[in-house]
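Notes follow once the structure below has been shown.
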There are 2 protein chains.
Amino acid sequence: MPRLDDVARAAGVSKATASRALSGASGVAASTRERVQRTADELGFRVSGAARRLATGMTRTIGVLTPSVNRWYFGSVLHGIAHAADAHDHDVLLYDLGAFGRGGHEKFERFMTRGEVDGLVTITWSLVGGDLTRLADLGIPVATVGEPTRHTRSFALDDDAAGEQAAEHLVRLGHTDLLHIAAEPEVQPFEASSSDRRERAFERVSARHGLRMRPALTVPTTLEGAHGVVREVIGRADRPTGIVAGTDEVAMAALLAAHQLGIRVPEELSVIGVDDVPAAAAFGLTTIRQDPAQHGEDVVAWIMAALDDPDDEPDRSHTAYSPVLIVRSSTAPPS
Amino acid sequence: MPRLDDVARAAGVSKATASRALSGASGVAASTRERVQRTADELGFRVSGAARRLATGMTRTIGVLTPSVNRWYFGSVLHGIAHAADAHDHDVLLYDLGAFGRGGHEKFERFMTRGEVDGLVTITWSLVGGDLTRLADLGIPVATVGEPTRHTRSFALDDDAAGEQAAEHLVRLGHTDLLHIAAEPEVQPFEASSSDRRERAFERVSARHGLRMRPALTVPTTLEGAHGVVREVIGRADRPTGIVAGTDEVAMAALLAAHQLGIRVPEELSVIGVDDVPAAAAFGLTTIRQDPAQHGEDVVAWIMAALDDPDDEPDRSHTAYSPVLIVRSSTAPPS
DNA sequence: GCTATGGTCGGAACCGGTTCCGATGATTGG
DNA sequence: CCAATCATCGGAACCGGTTCCGACCATAGC
């Protein structure tokens, strides 16, 4: 495995010049640069990332802290991050924290002592406030995606708007008796969670239009977890005419339950979700779309920009994405 | 940020001894080791990963090449990998290749020139044979999960057994007219793919029991992609009494389609899948279970072992996991 | 009492780049 | 024609650990 020394010697220049030539730094004659480049290719030279790291202090790596990897939202964000990082020639180091409390926090501590990354993105729910501030003090760009937070730069769907749009859609169709089913995050979020915000937006719409008030219902986030509860609820005699679900998973659970109970959708029951997961189309689910992969790309773009800047003031602003209503066949006027 | 030098000086020993004491190497008096350890803690010393890498040539990192991250199978494997890697105090570097051909191969090439990892796991379908052999020649432990391959060590569900079990289950229930719907991988696999193997296993069972022969059907892997095709097929007059789906996603697409067409399951149509994704329970889907997270943990365990061994002969054996039948309510005797 | 042995520890040479600083030669302006 | 300026390049000092090898001391064995 040839080293920079070898390339330099073969090209008849010093290590210093060879380094400059190959890294694209200025102060090298075009002819020299080209010659060095060529001999490097011929020798099959590849810089040692380890040496470069040691010398520059840069890792060309961005870390991702996530509570999960095989859920649509997290996976999509991760996909966007991976794509954008690759475009910037950076690696992505994955920290799958798992459920917080069940070993998740130890993994976080390990990350704090080991992790060597140039930038960091935490996907919501992976951390509590105190940990977030510790990260923010790490001296590297840190951003959160999934929820707004004042501790770091953040990117997230505008949950208020999403909740309002979902409810308003059903109201416009003529519904007056709606039930909101929130998806409960596995870990207690440190600030108002997405589902809290969506739920409160729903309540605002309810109040505004004088809808029937029903007690709040919260179910597990996953389709399978939500299914049993939702089924029990919509099986009751006084079920609402429409359901506003906090997420598509919950909405699909409702669709499934309705089917199993013989309740026709949308004739007897309207259902709307939030997310627009891929399966939503097959379910004919009306929903509020968001694009997490885009969030992932944007957060990387921000980190790259922050890396370029001398970073005067830490940027802790928030980017809210506008939701968009996708109407399919799970919603209709009440009969 | 204190360096090893500082710790050594503060503890009154040399860099060499300090290094040995902290890394747990032998040849250090217990009392010395403890003293160094303590002063290191007091100073808040953390080894520089970059320096250690440079000196040892080890990265304490394992790479994962995957075609996707937000599909159940890949996500689960990744989760298992992340968990096991963390337990061994290793980092995981994620390479989300995306669809091969659409930029995926360029990303692969970038990986080849940049990637510095101690071990590598490729999740099936991310690569073609030629690339796999290039990886295998990298001089580091390489393993594949998802499909057996002779190019590297590999871990995968026993697809033959899975296909047979699925078909046999329906045969035992009395079905004689079955349709197999294979899930087509997005990229052409280099060897017989999982779905090929499952399909052939199905055909063997068909032949063995003299079932009605139906033309093979292949649909996209995703629920949403499969949905339209499946719906069209089971909407025909001469539909079979049972469907053996290559994956749960396809099976769920069938369930959805059946519901939309007013076909009762399992009375008029039995459906069985493979995977046992979380949503399968809510769907009441009978299926053949596999546990990809376990595959991920096992592949890491193998890599760690290979890292410890001087690795005489490259181990290219294959581990096949036995599928297990999970009976729910989507299958019943034909009426 | 003297030497062989083994356990501890230090010195110093790496690992493979980056970058500051100074030297050199060529060019330009007066 | 001479001095100032600029582009280009080399030397050498890092970056922060690991590890080979030899020195040293204490104990054990004779």
Side-chain angles (χ1 to χ4, degrees), chain A residues 1-37 39-41 43-61 89 91 113-118 139-140 307 310, chain B residues 1-37 39-40 43-61 89 91 113-118 139-140 307:
Chain A
M1 188 97 283
R3 299 172 317 188
L4 185 63
D5 244 351
D6 305 323
V7 176
R9 202 178 352 252
V13 297
S14 70
K15 259 175 62 176
T17 302
S19 173
R20 281 186 281 251
L22 295 178
S23 69
S26 64
V28 182
S31 61
T32 307
R33 181 187 304 275
E34 204 249 344
R35 180 160 39 94
V36 173
Q37 186 63 259
T39 62
D41 290 347
L43 268 53
F45 170 78
R46 290 177 1 194
V47 286
S48 155
R52 176 193 291 233
R53 277 178 190 225
L54 183 57
T56 63
M58 301 266 84
T59 63
R60 301 189 77 75
T61 295
D89 206 45
D91 283 334
T113 67
R114 169 158 36 100
E116 293 186 317
V117 293
D118 289 349
I140 58 175
L307 248 27
Chain B
M1 186 98 282
R3 301 169 318 187
L4 185 64
D5 244 350
D6 305 321
V7 176
R9 200 175 355 252
V13 297
S14 71
K15 260 176 61 178
T17 302
S19 173
R20 280 185 282 249
L22 295 176
S23 70
S26 63
V28 182
S31 60
T32 308
R33 181 187 305 274
E34 204 249 345
R35 179 159 40 95
V36 172
Q37 187 62 259
T39 62
L43 268 54
F45 170 78
R46 291 178 1 194
V47 286
S48 154
R52 176 194 290 233
R53 277 179 189 223
L54 183 55
T56 64
M58 302 268 82
T59 62
R60 301 191 76 75
T61 294
D89 207 46
D91 283 334
T113 67
R114 170 157 37 99
E116 293 186 317
V117 292
D118 288 348
I140 58 175
L307 248 27

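Hydrogens, waters and symmetry mates play no part in the numbers below; they use all other heavy atoms, side chains included. Proteins get letters first, then strands, A, B, ... in listed order; numbering begins at 1 in each.
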In whole angstrom, what separates [X]'s [atom1] from [N]'s [atom2]?
X: R20(A); N: dA12(D); atom1: CZ; atom2: P; answer: 15 Å
X: R33(B); N: dG7(C); atom1: CZ; atom2: P; answer: 14 Å
X: M58(B); N: dT18(D); atom1: CE; atom2: C1'; answer: 13 Å
X: D5(B); N: dG11(C); atom1: CG; atom2: C1'; answer: 13 Å
X: E116(A); N: dG17(D); atom1: CD; atom2: P; answer: 10 Å
X: R60(B); N: dG17(D); atom1: CZ; atom2: P; answer: 15 Å
X: R9(A); N: dG11(D); atom1: CZ; atom2: C1'; answer: 15 Å

Taking any heavy-atom pair under 4.0 Å as a contact, classify R53(B): base, sugar-phosphate, or nothing.
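No contact.
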At under 4.0 Å between heavy atoms, what does G12(B) touch on the DNA or RNA strands: base, sugar-phosphate, or nothing?
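Since only primed, P, OP1 and OP2 atoms lie under 4.0 Å of G12(B), the category is sugar-phosphate.
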Any donor-acceptor pair under 3.5 Å linking the side chain of [X] with the backbone of [Y]?
X: T59(B); Y: D118(B); value: yes
X: R60(B); Y: R53(B); value: no
X: R46(B); Y: M1(B); value: no

5′-ward residue of the pair A16(B)/S31(A) relative to DNA chain D
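First, find each residue's nearest nucleotide; the 5'-ward one identifies S31(A).
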Do K15(A) and dG17(C) share a donor-acceptor pair, side chain to base, under 3.5 Å?
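Yes, a donor-acceptor pair under 3.5 Å.
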Point-to-point distance, once rounded to the nearest 0.5 Å, from CZ of R9(B) to CG of D6(B)
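CG of D6(B) is found 5.5 Å from CZ of R9(B).
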Can you identify which nucleotide, out of [options], has its nearest atom closest to the [X] side chain?
X: L54(B); options: dG16(C), dC9(D), dG17(D); answer: dG16(C)
X: T56(B); options: dG17(D), dT19(D), dG17(C); answer: dT19(D)
X: R52(B); options: dT18(C), dC9(D), dG17(D); answer: dG17(D)
X: S23(B); options: dT18(D), dC20(C), dG10(C); answer: dT18(D)
X: S19(B); options: dT18(D), dT18(C), dG10(C); answer: dT18(D)

Compare side-chain N and O positions of [X] against OP1 and OP2 of [N] and report whether any pair is under 4.0 Å apart.
X: S48(A); N: dG17(C); value: no
X: T17(B); N: dC9(C); value: no
X: R3(B); N: dG17(D); value: no

Provide the closest heavy-atom pair for V7(B) versus T39(B) in the form atom of the first, atom of the second, distance.
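Taking every non-hydrogen atom into account, CG1-OG1, 3.7 Å.
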Most 5' of A51(B) and R35(B) on DNA chain C, judged by nearest nucleotide:
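That would be R35(B).
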